[in-house]
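Heads up, the thing below is written out as structure tokens.
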Protein chains: 2
Amino acid sequence: MKKYARQSKILELINEREIETQEDLAVTLKGMGIDVTQATISRDIKELRLIKVTSNTGKYKYGTIEESQNSISDRLVRIFKNSIISIDAALNIVVIRTIPGAAQICGSAIDSLQMTDVGGTIAGDDTVFVAVRKLESVDEIINNLYALIN
Amino acid sequence: MKKYARQSKILELINEREIETQEDLAVTLKGMGIDVTQATISRDIKELRLIKVTSNTGKYKYGTIEESQNSISDRLVRIFKNSIISIDAALNIVVIRTIPGAAQICGSAIDSLQMTDVGGTIAGDDTVFVAVRKLESVDEIINNLYALIN
DNA sequence: TATATTATTGCATATTTATACACTGTTTTC
DNA sequence: GAAAACAGTGTATAAATATGCAATAATATA
């Protein structure tokens, strides 16, 4: 039973190097004396719950969910950056204008940020209304949003 | 520019249904009037940082890193369950016996749990030593480990 | 110990995913 | 406003991944 020894090495390897494919991993392991095929690695990866993530270079690489934690909000930030046109306020409503069709996804993004004092959001096609609980918090929320897109 | 509207729908869909493949997603979107090919979805999935996870049924499905958070330690638990033979103590050292070859991965797993008062671990082939900082904490750590495998 | 059961793996291949290239529409620059 | 630079997408296909089946090894059972 050398399954766990192999899986242990796999975890080690994906932390140390940029492993782009399962074949990659198979070759590397072979170089370390662990003889295994891509098929088995596919099964190992499923068991270990490894995921394919984009590395800094834009290439795909294997990683763990844990280490991808950080980049969770990267998605949201990217979406904001690319689709928000303006942020404004009308009393306790923050009004966000987006490029056409992007309001829904910006709304979900804001929801997922779970900012304090945000009561909820509603999105049309190119506009999001963010309901703020306290008038005093409006500025802070706007600042936070600006911070994200800069 | 309907990219963001589409991506928004994609996020919605993978939360509502078990989307197994990109083709799956393409067909579903088509049914909703959003005409798109698998190639574009591949690109969307990269941008949205979606991942392929195993659903309850053992099948693959697409999901977000966020929602996979919970299952982080599932991997460790599974490994423990399958490879630990016994847990014992010698003064401030917790001694874990595993099936041959599995000690390394159990060691990493314990490290990643970041339990309080665990100074460090060292693993051979079928044995892990866990150095505990305080004698009083040994029992608690052993209990925690037992809890994991039951 | 012999037999039955289960787990692990490779091989071959079907399925799935990523991408080079070309085309179109949009934005920027001069 | 024309030219240039860029973003988004489909098509076709290369590349990568998952899996049915069969063989083998490990484990449990009688």
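Letters A, B, ... are given to chains in the order of the sequence lines, protein chains preceding strands, and every chain is numbered from 1.
- The side-chain contact (heavy atoms from CB on, under 4.5 Å) test applied to Arg43(A) returns Ala39(A), Thr40(A), not counting sequence neighbours.
- Residue Asp35(A) is in sugar-phosphate contact alone, with no base atom involved, counting any heavy-atom pair closer than 4.0 Å across all strands shown.
- The interatomic distance linking Asp44(B) (CG) with dT16(C) (P) rounds to 19 Å, in whole Å.
- In this structure, CG of Leu29(B) is placed 16 Å from C1' of dG10(D), rounded to the nearest angstrom.
- Following rounding to the nearest Å, Ile85(A) (CD1) and dT26(C) (P) show an atom-to-atom distance of 15 Å.
- In this structure, Thr64(B) and Ile51(B) have side chains that are not in contact, with every pair of non-hydrogen atoms separated by 4.5 Å or more.
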Item to check | Cys106(B) and Ile84(B): CA distance, side-chain angles, deciding distance, side-chain contact (heavy atoms from CB on, under 4.5 Å) verdict | outcome: CA-CA 8 Å; Cys106(B) 284; Ile84(B) 289 185; 4.1 Å; yes
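- The side-chain contact (heavy atoms from CB on, under 4.5 Å) test applied to Lys61(A) returns Glu18(A), Val53(A), Ser55(A), Glu67(A), not counting sequence neighbours.
- Following rounding to the nearest Å, Lys3(A) (NZ) and dT24(D) (C1') show an atom-to-atom distance of 16 Å.
- With Thr28(A) contributing its side chain and Asp24(A) its backbone, the two residues share a donor-acceptor pair below 3.5 Å.
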Would you mind writing out the side-chain donor-acceptor pairs for residues 86-97 of chain A within the sub-3.5 Å range, not counting sequence neighbours?
{"residue": "Asn92(A)", "atom": "ND2", "partner": "Val132(A)", "partner atom": "O", "Å": "3.0"}
{"residue": "Arg97(A)", "atom": "NE", "partner": "Thr127(A)", "partner atom": "OG1", "Å": "3.4"}
{"residue": "Arg97(A)", "atom": "NH2", "partner": "Asp126(A)", "partner atom": "OD2", "Å": "3.2"}

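- Whole-Å rounding puts the Ile99(A) CD1 to dA7(D) P distance at 13 Å.
- No side-chain donor-acceptor contact under 3.5 Å links Gln104(B) to the backbone of Ala5(A).
- The cluster map of Ile, Leu, Val, Met, Phe, Trp and Tyr, joined by side-chain heavy atoms under 4.5 Å apart, puts Phe80(B) and Ile142(B) in the same cluster.
- In this structure, Val27(B) stands alone, with no Ile, Leu, Val, Met, Phe, Trp or Tyr side-chain heavy atom under 4.5 Å from its own, directly or through other members.
- The stretch residues 12-19 of chain B does not touch DNA chain D, since none of its heavy atoms comes less than 4.0 Å from the strand.
- Nucleotide dT15(C) holds its P atom 14 Å from the CG atom of Asp24(B), rounded to whole Å.
- One interatomic measurement links the two molecules: CZ of Arg6(A) to P of dA25(D), which rounds to 16 Å at whole-angstrom precision.
- Between Leu25(A) atom CG and dA16(D) atom P the separation is 13 Å, expressed in whole Å.
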Checklist outcome for this item: Heavy-atom contacts, protein to nucleotides 17-25 of chain C, under 4.0 Å, summarised as B (base), S (sugar-phosphate only) or - (none) per nt, yield BBBB-----
